[in-house]
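In the text below, chain A, chain B and the rest are named by the order of the sequence lines, each starting its count at 1.
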Number of protein chains: 2
Amino acid sequence: MIQNPAFAVEPWAIRERGLNLDVLAQTESLFALSNGHIGLRGNLDEGEPYGQPGTYLNSVYELRPLPYAEAGYGYPESGQTVVNVTNGKLIRLMVDDEPFDVRYGTLHEHERVLDMRAGTLTRRAHWSSPTGAEVRCASTRLVSFTHRAVAAIHYEIEAVGRTCGVVVQSELVANETVEYSGDDPRAAAVLESPLVVEENVPASEGVAIMVHTTRASGLRVAAAMCHDIETPGEASVEADGAGDVSRVTIATRLAPGQRLRMVKYFSYGWSAKRSRPALHDQVVAALSAARLVGWEGLCADQRRFLDEFWSGADVEVDGDAEVQQAVRFGLFHLVQSAARLEDRPIPGKGLTGSGYDGHAFWDTEIFVLPVLTYTYPRAAADALAWRASILPMAQERAVQLGLRGAAFPWRTINGEECSGYWPAGTAAFHINADIAHAATSYVDATEDRRFERDTGLPLLVATARLWCALGHHDAEGRFRIDGVTGPDEYSAIADNNVYTNLMAQENLREAAEVATRHFEEAQRLGVTLEEVATWRDGAAAMYLPYDERLGVHSQSEEFTRHAVWNFAATRPDQYPLLLHFPYFDLYRKQVVKQADLVLAMHLRGDAFTDGEKARAFAYYDALTVRDSSLSACTQAVLAAEVGQLELAYAYLGEAAMMDLADLEKNTVDGVHMASLAGAWIALVSGFGGMRAGHGGICFAPKLPPGISRLAFRLRYRGRVLRVGVTAASTTYRLLSGEPLTLTHHGEPLTVDGRPVSRPTVTVPPPEVQVRQPPGREPVPRRPPAERPSGHQAATQPPEEHP
Amino acid sequence: MIQNPAFAVEPWAIRERGLNLDVLAQTESLFALSNGHIGLRGNLDEGEPYGQPGTYLNSVYELRPLPYAEAGYGYPESGQTVVNVTNGKLIRLMVDDEPFDVRYGTLHEHERVLDMRAGTLTRRAHWSSPTGAEVRCASTRLVSFTHRAVAAIHYEIEAVGRTCGVVVQSELVANETVEYSGDDPRAAAVLESPLVVEENVPASEGVAIMVHTTRASGLRVAAAMCHDIETPGEASVEADGAGDVSRVTIATRLAPGQRLRMVKYFSYGWSAKRSRPALHDQVVAALSAARLVGWEGLCADQRRFLDEFWSGADVEVDGDAEVQQAVRFGLFHLVQSAARLEDRPIPGKGLTGSGYDGHAFWDTEIFVLPVLTYTYPRAAADALAWRASILPMAQERAVQLGLRGAAFPWRTINGEECSGYWPAGTAAFHINADIAHAATSYVDATEDRRFERDTGLPLLVATARLWCALGHHDAEGRFRIDGVTGPDEYSAIADNNVYTNLMAQENLREAAEVATRHFEEAQRLGVTLEEVATWRDGAAAMYLPYDERLGVHSQSEEFTRHAVWNFAATRPDQYPLLLHFPYFDLYRKQVVKQADLVLAMHLRGDAFTDGEKARAFAYYDALTVRDSSLSACTQAVLAAEVGQLELAYAYLGEAAMMDLADLEKNTVDGVHMASLAGAWIALVSGFGGMRAGHGGICFAPKLPPGISRLAFRLRYRGRVLRVGVTAASTTYRLLSGEPLTLTHHGEPLTVDGRPVSRPTVTVPPPEVQVRQPPGREPVPRRPPAERPSGHQAATQPPEEHP
C-alpha cells in the first residue's frame with residue numbers, strides 16, 4: 001500500500017516529494033498521462049529504475065493462445081493482450097561519464113507533480129553523481145488532448161557547483177523487457193518481443209522514424225521523434241538508429257548555472273490496414289503539426305482543453321481535502337482515458353498499465369460512462385460507438401452460442417471474446433444490458449437523437465433480441481433468465497439474477513420505445529411490430545425472486561437459502577477469497593464479492609420500495625466482502641439513499657482512495673477507471689442523490705458529518721448545471737443553457753441562471769445498524785480534526801456561495 | 001461404426017473373418033487382452049499397420065501440465081496420462097526378404113478369434129508376398145490370469161507351395177510413436193517419448209531385459225522376454241539390443257509344409273520405489289516361473305480360471321444371439337480388467353486403450369463393481385481397497401477445498417485429481433457417495449465383515465464427514481446440498497440434485513450403521529456418538545425437490561422450470577450436443593445427457609413410489625439424449641421396472657452393442673467398461689428385476705418379446721444362485737452354498753439345491769407411451785425372425801431346464 005503521506009494533499013495536483021522506489025510501479029500508474037489514444041506510464045525519463053515500462057496505443061494488442069486443460073465448445077482459442085509499444089519518452093543522461101540513475105550517487109531532492117489543470121507531469125531532481133558532479137534536472141511531459149497523435153517533453157539540465165560534461169540521449173526503443181505475470185510459457189513467449197521491425201530511419205534529417213508490426217495480430221505501429229535543442233555553448237548532435245532503437249545524442253559542457261534545454265516531440269500512429277509508407281508519413285506529419293504549435297502552444301492548448309472540461313465537470317468538496325483531491329484525480333484520469341477515444345474502447349485500466357491484459361469490461365458502461373455522460377459526453381458517445389462498431393462480432397458470437405441478437409464479449413480489445421473461464425465470462429450476459437443502459441442514459445442526458453437512431457437503435461435491437469433468446473416463459477407465465485452470472489463474481493450460473501433480469505427488462509422496454517420512435521430505421525434491422533410486442537411482453541412478465549420470509553429480493557434464485565459463508569472462520573489474510581477458496585465453495589454460499597442486488601437497487605431503484613431497499617441493503621451489506629474495486633461506490637450510493645450516511649462516507653473514502661492508497665495492491669498494473677469514477681458516483685449519486693431517466697433529473701442531497709460543502713457541475717441536455725450542497729441548503733443554478741425543471745427531494749423545481757435554494761434534508765441517525773462481514777468493515781472516515789496532521793483542512797467557509 | 005456382419009455372432013467367441021483396416025483401431029480395443037495388471041491391445045503381431053499401439057501396466061502414467069486460460073484456486077496443476085509401455089507382443093516376420101505386411105502382397109485369408117472360455121486371442125493369416133512367397137501364420141496370445149506379470153504368444157509360421165527363407169524378429173520396443181489427440185503442445189511433448197532407458201540387456205544369455213523410467217512421474221518399468229524356438233532345419237538365432245529396442249532374430253528356411261514354432265514369454269514389473277536391479281530380477285523371475293509351467297500349462301491355467309469364473313457368472317440368453325454374445329463379451333472384459341487388480345484402479349476403458357487418459361471415474365463404482373460384486377467379488381474388494389489406499393490424498397484434497405472428510409478425485413490414476421474443468425469434476429461430489437455405495441453393496445453381497453471393518457468403515461466415515469461439510473440445514477430445517485453437479489453432465493453446479501442427495505443420505509445412514517457396529521474402530525477414526533447422530537440427522541432431514549405440478553422429482557432445484565431444449569431444431573449431426581453447443585446453453589435447459597434422476601430411481605428405488613417412478617421415467621426419458629455410454633443400461637432397468645418392456649429391450653440392445661457396434665465412435669480408444677457392465681445390468685437388474693440391500697435379494701423377472709429365456713448365475717453371500725426365467729415361469733436354484741431366502745415379485749422364497757419355480761409375471765402393454773427426444777429413440781430390437789440373416793437364432797428350447 002502507498003502510504004498517504006507520500007503525497008501532499010492538494011486540491012488540483014498530486015505531488016510526490018522524494019522518491020520511494022518501493023512504490024515506483026504504483027506511482028508510474030498514478031502519474032500516467034494519456035489522451036485515450038496514447039498512454040504513457042509515469043516512468044522516469046531516464047528509463048531506469050522502472051516498475052513496469054509502459055507505452056500504449058489504444059487497441060494495439062498481440063494475440064496469444066488460450067489454453068484449456070479440458071476444451072469445450074465455444075471457448076475462445078486466442079486472447080488479446082495489450083502490448084508495450086515503442087517507448088518515446090526515454091531521455092537518458094550522462095554526467096561526467098556517469099549515468100544519471102537515482103539508485104546511485106546522491107539524490108538531494110526529487111519531486112513529481114501531476115497537475116490536473118495543466119494536464120502535465122513535471123519532475124524536478126537535484127542529484128550528485130558518485131564522483132561528485134552535481135546537476136538539476138527538470139522535465140515536463142504531456143500527452144496532448146488537442147493533438148491526438150502527439151506527446152512532448154520539455155527537458156532541462158543545469159550544472160550546479162562545477163562545470164561538467166553532459167550527454168543526453170533521446171531515444172525511441174521498441175521491445176523493452178516487460179515482465180509477464182501469467183504461467184503460460186507460450187503466452188510469455190508471444191509477449192516477450194511482440195514487435196517486428198519494418199523500418200528504422202535515424203534522425204539524420206531531423207526526424208527519427210520507426211515502424212514495427214506485431215507478430216501475430218499484424219498491426220503496424222509507427223513512432224517518430226524530433227527535437228528542439230538549446231545549449232549555452234558548443235554541442236554535438238548525432239543521430240543513429242538500427243533494429244529496435246533510434247537515438248539522438250547531444251553532448252556539451254555546462255558551467256555552473258548553465259542549462260541545456262530540449263523539447264522532444266514524439267508521435268504515434270497505428271493501423272491494421274494502412275501501409276508502411278502511409279504510417280511513416282502520418283507520424284512525420286503529426287510531428288510537423290506539433291512543432292508548428294510549439295511547446296508553449298501545446299501547453300496552452302492543454303490548459304484550454306482542461307479549463308473547458310472542468311467548467312462543466314468539477315466537483316468541490318469542503319471538509320475532506322483527501323476526497324477533494326481524489327475526486328478530481330478520478331475525473332482527470334477519466335478524461336485522460338477517453339478524450340480522444342474515437343471509436344475505441346476504454347480499458348479497465350485505461351492506458352495506464354497492462355492490468356487485465358488491457359481489456360475493456362462492463363465496468364466501462366456501468367461505472368465510467370455514467371460519469372463521462374454528465375461531464376464529457378462526447379467520450380461516452382465515442383465509447384458506445386466502439387460497441388456499435390464491434391456489433392458484427394457480437395452478432396457472430398451470439399450465433400456461435402446458439403442465440404440471437406448480439407452477445408458482447410466479457411473482456412476484449414478488438415471485439416472478440418477473450419474470457420477463458422466461461423462461468424465468469426460468457427455467462428455474464430448482463431454486459432449486454434449494461435451497454436444498452438449506457439446508451440439509453442447517454443441519450444437521456446444529451447437528447448442526441450442522431451446517436452439514438454444511428455448507434456443506440458442497433459445496440460438496443462441486438463441486445464433485446466439476445467434477451468428474448470436467453471429468456472423463456474415458465475408454466476406460470478413468468479419470464480425467466482436461467483443459468484447466467486450477475487455482477488457478483490462469487491456467484492455464477494444462477495437462475496433469475498435480479499440485477500440481470502431488471503437490466504434486461506429495461507433493455508427490452510427501451511428497445512421497444514426507441515424502435516417505435518425510429519420505426520423506419522428499425523424495420524431496416526428487420527424489426528416488426530410483432531417483435532416489439534415480444535420485447536414489451538418479456539419486460540412485463542420479468543420474474544424477480546423475492547424471499548418472503550426475509551422481505552428481501554434474492555440475489556438470484558435460491559440464493560437466500562444457501563449457507564452463509566463462515567466469515568468468523570475466515571482469516572484476514574484469506575482475502576480476497578478467490579485466491580484462497582475454490583469457486584465451487586464461493587458459488588454455493590451466501591458471500592458477495594461486489595454489489596449485485598445493491599447495484600440493481602441503484603440503477604433500477606424504481607423497481608424497489610423504500611422498505612425493500614433498506615432491508616436488502618442491510619442484508620447484502622452483511623454478506624459483501626468487497627474483494628472487487630467495483631463495489632464501494634455503489635454501496636456508498638445505496639447507504640446514502642437508505643440514510644446510512646456515515647457508512648456511505650466510509651464507502652466513499654474507500655472508492656476514492658482505491659488507487660491513491662493502492663487498497664487492492666494492484667495499482668502497479670494501472671489505475672482502476674471504474675473505481676476512479678466511483679468517487680464521483682458516491683458524491684454525486686450518493687450524497688447528491690442524483691438519478692436521471694425518463695422522469696428527468698432528480699436530486700436528493702444529504703451530507704455526511706465529514707463534508708461541510710459539496711458542489712458539482714453537470715452537463716445535462718445542453719446545459720451546465722451547478723449544484724451546491726451544505727447541511728443547511730442546496731442551491732441549483734444553470735451556468736449555461738435554457739431553463740430546466742429538475743426535482744429536489746421529490747419537489748419539482750425550475751432552474752435558470754439565478755441560484756435557487758431549498759433546504760437540504762436532515763437525515764435522522766439510522767435505526768438499523770448495518771453490519772459487514774467481520775474484518776471487512778470499511779475504514780470509518782473521521783471528521784477532519786481527528787485526521788493526522790499533514791492533511792489540509794478545508795479553508796473554504798461551510799456556506800455555499802454559488 | 002463397425003458393421004455387425006464383421007463379426008460372427010457366436011455364443012463364446014468374437015470371430016472376425018477377413019481384415020478391415022478401416023476398423024483396425026476398434027478391433028484392437030475389442031481384441032485387447034488383460035488381467036487387470038497388464039493390458040495388450042489387439043495389435044497385429046508384426047506391429048504394422050496399427051490403429052493405436054498399446055501396452056499398458058495398471059497405474060503406470062506420466063505427468064503432464066494442465067494449462068488454464070484463467071487459473072483458479074484449487075485447480076490441479078498437473079494431470080496423469082497412461083503411457084504406452086514397452087511393447088513385448090511384437091513379432092516381425094520377413095519372408096524371402098519381403099516384410100510380412102498385410103497392406104502388401106495378397107492376404108488370402110485372415111481370421112482373429114477372441115475365445116472367452118480359453119482366454120486367448122488367436123489369429124490365422126494366409127498370405128503371399130508381392131514376389132509370390134506364400135506362408136500361413138498362426139499366433140495365439142494370452143495375458144495370464146494366474147501369472148500376474150506374464151504374457152505369452154504361441155507363434156507358428158508355415159511355408160506353402162515353395163521353399164522360402166523366413167526371418168522372425170521378436171522384439172521389445174519402448175517409446176513407440178503414439179498419436180496425441182489433445183491440443184496442448186506441452187502435453188504432446190511430454191507424451192511423445194515418456195520412457196528414459198536405464199538398462200537394455202540383450203537376450204544373449206536367453207533373456208532380454210529392458211528397464212525404463214518415466215520422465216516426470218519417475219516410475220520404473222521393467223520388461224523381459226525369452227523364447228522357446230523350434231525349427232525343422234538349421235536356424236540362426238541372434239540377439240541384440242540398444243536404446244529402446246531389444247531383438248531376437250531367428251533365420252531359417254522352410255520347405256512347403258514345414259513350420260517354425262516359437263513360444264514368446266514376456267513379463268513386466270513396475271514400481272515407484274524399487275531399484276533397477278530389483279525390478280530386473282523380478283521380471284526375470286516371472287519368466288522363469290512361466291517357462292516352468294510352459295505354454296500348455298499357461299493355457300490350461302487360463303481355462304481353469306475362466307471355467308471357475310463362468311461357473312458363478314454366466315448369463316444365458318435365448319432368442320437373441322447378439323445379446324447372448326455381447327453380455328459374455330462384457331463379462332469377459334470386466335474380469336480381464338479386474339482379475340489381478342490388487343489395489344489398483346479399474347480405468348474407464350480398462351487397459352484396452354488410452355481413452356480418458358487411462359483415468360478411473362465413478363462409473364467403476366456405479367456400473368462395473370455391481371457386476372463384479374455378484375460375479376467376481378474379490379475384484380470388487382480390490383478396487384475398493386484401491387480407493388481406501390488413496391484415502392489420504394482424498395483427505396488432503398478435502399482440506400484444500402475447505403471441507404472435511406474425503407473428497408475423492410473425479411478422474412485419476414494415482415489418486416490425485418486430474419480434472420481440469422471443475423464444474424464437471426470437483427463439483428461432482430456424488431463420486432464420494434458412489435464409492436460408499438459400492439462398499440456397502442459389496443459387504444451386503446459378501447457379508448465380508450473384515451472388509452467392512454478395515455476398508456468399508458474408513459471409506460464410509462470419511463465420505464459421511466464430507467457430506468456434513470457440504471450440506472447445511474436451511475430455515476425450514478431441510479438438509480440441503482447446494483451447488484454440486486450430479487451424474488447428468490448437461491447440468492452442473494445446481495442445488496439439491498436428487499441423485500446426489502439420495503446417495504448422500506444412504507452414505508450417511510450406512511456410515512452411522514457401520515460405525516455403530518464397529519464402534520471401537522470408529523473411535524480410532526475420531527468418531528463419537530455425537531458425530532454419528534449428526535449423520536443420522538442429516539440423512540433424516542435430507543431435502544429432495546419435487547415438482548407438485550408435474551408429480552415428479554426435479555432432477556435438481558428449479559430444473560423442471562427451465563426451458564426445454566429445442567430438440568426439434570437440433571439436427572442429427574449436432575449430437576453429441578457438447579461438441580456443438582456451449583455448456584452454458586446445455587446447463588440452463590432441460591436436456592439430460594445421461595440417466596441422473598433415473599439412476600437415482602434404480603439405486604434408491606426405496607425413495608420413490610411406483611407412480612412417481614412411472615411419471616418420472618416418462619418425464620426424463622423425453623429429455624435424455626444418451627450422449628453418454630453410461631445411460632442406456634439404467635434406462636433399461638427403469639423401463640423394465642415401470643413395465644415398458646420393449647423400450648427396455650431396445651435400451652439393453654444399445655448398452656450391449658456399445659463397443660461391438662462402436663455406437664459412440666470412440667471404441668478406437670478402448671472399450672467402455674461401464675457400458676460392457678451395462679448389458680449384465682440391463683439383463684439381471686432390468687429383466688431379472690434383481691435388487692439387493694438390507695432386505696436381502698429380490699427378483700421381479702419379466703421378459704421382453706425378443707428374449708425367450710434368460711438365465712443367470714450370481715455369487716451371493718457365499719452361494720452360487722442360478723435364476724432361470726421364461727415367459728411362463730422363473731426357477732431358482734442354488735448351485736452351491738447354504739439355503740437362501742430371497743424374494744420373487746414380493747413373495748419370500750427359500751431356495752436350496754433343488755429348483756423352485758414360480759410364475760413369471762405377465763406385464764400388460766404399457767398405458768403410457770414413453771417418448772424420447774426426436775431422433776434419439778433407441779433402435780427397436782426386432783424379434784429374431786425379422787433380423788437380417790447371418791444372425792443365429794437361438795437353438796435352445798424356450799423352456800427353462802435348470
Residues 555-571 of chain A: residues contacting chain B (heavy atom under 4.5 Å, by number):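 Those residues of residues 555-571 of chain A which have a heavy atom under 4.5 Å from chain B are Glu557(A), Glu558(A), Arg561(A), His562(A), Ala563(A).
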Given side chains that start at C-beta, do those of Cys468(A) and Leu508(A) come closer than 4.5 Å, heavy atoms only?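 Of all side-chain heavy-atom pairs linking Leu508(A) with Cys468(A), at least one is under 4.5 Å.
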Got Ser554(B) and Val498(B) here, is their nearest side-chain heavy-atom distance under 4.5 Å?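 No. Closest side-chain heavy atoms not under 4.5 Å.
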Which atoms of Tyr421(A) are under 4.5 Å from chain B, going by heavy atoms: the side chain, the backbone, both sets, or neither?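 Both backbone and side chain.
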Check whether any side-chain N or O of [X] sits under 3.5 Å from a backbone N or O of [Y] as a donor-acceptor pair, and report yes or no.
| X | Y | value |
| --- | --- | --- |
| His359(A) | Gln80(A) | yes |
| Tyr75(B) | Glu70(B) | no |
| Tyr546(B) | Gly551(B) | yes |
| Arg588(B) | Leu470(A) | yes |
| Asp627(B) | Leu577(B) | yes |
| Glu417(B) | Arg411(B) | yes |

Select, from Gly420(B), Ala427(B), Pro582(B), the one with the greatest count of heavy-atom pairs under 4.5 Å involving chain A.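 Highest number of pairs under 4.5 Å: Pro582(B).
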Against chain A, work out which of Leu401(B), Asp474(B), Asp585(B) has the most heavy-atom pairs shorter than 4.5 Å and name it.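 Option with the greatest count: Leu401(B).
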Side chain, backbone, both or neither: which part of Phe584(B) has a non-hydrogen atom closer than 4.5 Å to chain A?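 Looking at Phe584(B), backbone and side chain both touch chain A.
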Region of Tyr543(B) in contact with chain A, defined by heavy-atom distances below 4.5 Å: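 Interface part for Tyr543(B): neither.
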When only pairs under 4.5 Å are counted, which of Pro76(A), Cys418(A), Ala69(A) shares the most heavy-atom pairs with chain B?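 Sorted descending by pairs with chain B, the first entry is Ala69(A).
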Which heavy-atom pair separates Asp357(A) from Arg64(A) by the least distance, and what is that distance?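 Looking at all heavy atoms of both residues, the shortest contact is OD2-NH2, 2.6 Å.
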Looking only at heavy atoms, what is the nearest atom pair of Glu62(B) and Ala216(B), with distance?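 Looks like OE2-N, 2.7 Å.
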Atom CD of residue position Gln574(B) - does it have more than 12 heavy atoms of other residues, nucleotides or ligands inside 6.0 Å?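 Above 12, so yes.
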Does the pair Thr426(A) and Trp410(A) meet the rule for a side-chain contact (heavy atoms from CB on, under 4.5 Å), with working shown? CA-CA 6 Å; Thr426(A) 299; Trp410(A) 178 246; over 6 Å; no
Interface residues of residues 480-493 of chain B facing chain A - non-hydrogen atoms under 4.5 Å apart: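 Within residues 480-493 of chain B, near chain A: Arg480(B), Ile481(B), Asp482(B), Gly483(B), Val484(B), Ile493(B).
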